There are 2 protein chains.
Amino acid sequence: MASDLASQDYRLDEQVGFLLRKANQRHLTILSGMMPGGLTSMQFSTLYRLATEPGPVSQNALGRMVAMDAATTKGVVARLQARNLIRTEPDPTDKRRYTLSTTEEGRALLAGILPVMREITRETLAPLSPTEQETLVRLLKKIS
Amino acid sequence: MASDLASQDYRLDEQVGFLLRKANQRHLTILSGMMPGGLTSMQFSTLYRLATEPGPVSQNALGRMVAMDAATTKGVVARLQARNLIRTEPDPTDKRRYTLSTTEEGRALLAGILPVMREITRETLAPLSPTEQETLVRLLKKIS
DNA sequence: CGGCCATCATTTGTGCACAAGTGACGTTTT
DNA sequence: AAAACGTCACTTGTGCACAAATGATGGCCG
């Protein structure tokens with residue numbers, strides 16, 4: 001019965017998992033409300049990583065850099081490519097791979113987004129004091 | 001060019017958004033590895049909330065309690081129902097609504113899962129000291 | 001060399017998450 | 001009572017996230 005469960009004293013909204021999900025939800029709401037060009041969080045991350053990577057990058061490798069699996073990466077890359085923000089060409093030395101690179105358009109969009117991303121991070125952390133903000137980031141790094 | 005972006009000094013893996021997502025990912029990996037009965041995180045949360053709610057609950061209301069929108073709730077409820085963990089019946093006083101309730105089977109499964117959920121939370125927070133764990137939960141509450 | 005195994009990109013299937021729209025029903029307001 | 005507005009459940013469409021499988025290719029080892 002319900003009293004059995006109640007006696008277990010488990011508070012859903014005190015669990016890290018529940019709070020991580022809700023915090024992430026709030027962040028993504030802020031992000032999609034401010035992001036120019038209609039990019040999603042992962043489209044931005046992927047584009048940014050590709051733009052700042054010095055050498056050539058394959059699709060799977062790029063996905064791994066932003067913690068996406070191969071199947072998810074495929075979709076994100078396809079959407080970025082459809083918007084002419086990135087380009088792919090066959091790797092000459094490995095017939096399995098495609099080498100990805102950003103387009104001029106992609107880099108221009110990225111430059112405009114970067115200041116906004118700072119603003120989005122600020123807004124997400126706004127309920128916390130500067131010290132708390134640093135603490136949160138430090139602790140999240142440890143459990144991610 | 002890349003140097004333009006580099007000079008902007010934006011570190012992706014220091015951003016709250018990126019870290020929230022990765023922390024959530026790790027937590028969900030732990031969860032799906034330990035969860036009995038193959039329930040997902042949201043299936044558990046929904047079932048738990050329904051089981052511990054004293055009065056009758058409609059579908060949309062239940063979804064809101066665990067921060068899901070109506071469209072998402074529909075799917076989660078359908079899967080719980082298909083497994084005979086919850087039941088729905090038409091609300092006599094409001095023809096738009098269905099009143100949800102847990103089945104005996106649902107409550108039994110839940111009772112077995114609760115200790116595991118505690119273990120999952122523990123595992124997720126394992127990299128942190130007890131004080132840090134409390135701090136993280138406190139800060140996450142503020143930004144969720 | 002030839003077999004073995006890892007990796008690459010891709011596909012299929014399932015499950016959240018949210019936006020936008022629909023028709024049925026309730027409530028409130030005039 | 002009629003109109004206006006809100007809510008309920010549901011649908012469609014898009015986008016991540018991951019498991020599992022596939023065929024092509026590359027590296028390694030005996």
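Note that the coordinates shown come from a computational prediction; the quantities given were computed from them, not determined experimentally. Quick note on labels: first sequence line is chain A, next is B, and so on, each numbered from 1.
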B:Lys22 NZ - D:dC16 C1' separation (whole Å):
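In whole Å, D:dC16 C1' and B:Lys22 NZ are 17 Å from each other.
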A:Leu20 atom CG is separated from C:dC16 atom P, nearest whole Å, by 18 Å
**Report entry** Nearest-nucleotide 5' precedence on DNA chain D, A:Gln43 against B:Gln59
**Finding:**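 Upstream on the strand: B:Gln59.
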Side-chain contact check for A:Tyr98: nearest option of C:dA17, C:dA9, D:dG15 is C:dA9
Any side-chain N or O of [X] less than 4.0 Å from the OP1 or OP2 oxygen of [N]?
X	N	result
A:Thr40	D:dC16	yes
A:Gln25	C:dC16	no
A:Ser58	C:dA9	yes
A:Arg21	C:dA17	yes

For B:Thr99 and B:Pro56 the tightest heavy-atom approach is CG2-CB, 3.7 Å
Strictly below 4.0 Å, heavy-atom distances to any atom of DNA chain D: list the hits from residues 62-84 of chain A, or just say none.
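Those residues whose heavy atoms fall under 4.0 Å from DNA chain D, taken from residues 62-84 of chain A in numerical order, are A:Met68, A:Asp69, A:Ala71, A:Thr72, A:Val76, A:Arg79.
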(request) Kindly state which residues belonging to residues 85-96 of chain B come within less than 4.0 angstrom of DNA chain D, counting heavy atoms of the residue only, listed by number. (result)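 B:Arg96 - these, ordered by number, are the residues of the stretch whose heavy atoms sit under 4.0 Å from the strand.
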Do B:Met35 and B:Val116 touch side chain to side chain, with heavy atoms closer than 4.5 Å?
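B:Met35 vs B:Val116: side chains apart.
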Do B:Leu140 and B:Leu20 have side chains that get closer than 4.5 Å, going by heavy atoms?
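SC-SC contact between B:Leu140 and B:Leu20 confirmed.
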*Given side chain to side chain contact (heavy atoms under 4.5 Å, CB included), test A:Tyr48 with A:Leu114 step by step and report yes or no.*
CA-CA 9 Å; A:Tyr48 177 79; A:Leu114 268 182; 4.0 Å; yes
Evaluate B:His27 against B:Ile120 for side chain to side chain contact (heavy atoms under 4.5 Å, CB included), listing each step before the verdict. CA-CA 8 Å; B:His27 172 253; B:Ile120 288 169; 3.8 Å; yes
Exercise for review: Give a yes or no on whether a salt bridge exists between B:Arg83 and B:Glu105, defined as a side-chain N under 4.0 angstrom from a carboxylate O.
Suggested key: no
- request: With heavy atoms under 4.0 Å as the rule, sort A:Thr29 into base, sugar-phosphate or nothing.
  value: nothing
Exercise for review: Compute whether any side-chain donor of one residue and acceptor of the other, for A:Thr121 and B:Gln15, lie under 3.5 angstrom apart.
Suggested key: yes
| field | B:Gln25 side chain to A:Ala67 backbone, donor-acceptor under 3.5 Å | value | yes
task = First locate atom CE of A:Met65, then atom CG of B:Asp13, and finally report the distance between them rounded to the nearest 0.5 Å.
result =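 Nearest 0.5 Å value for the CE-CG distance: 11.5 Å.
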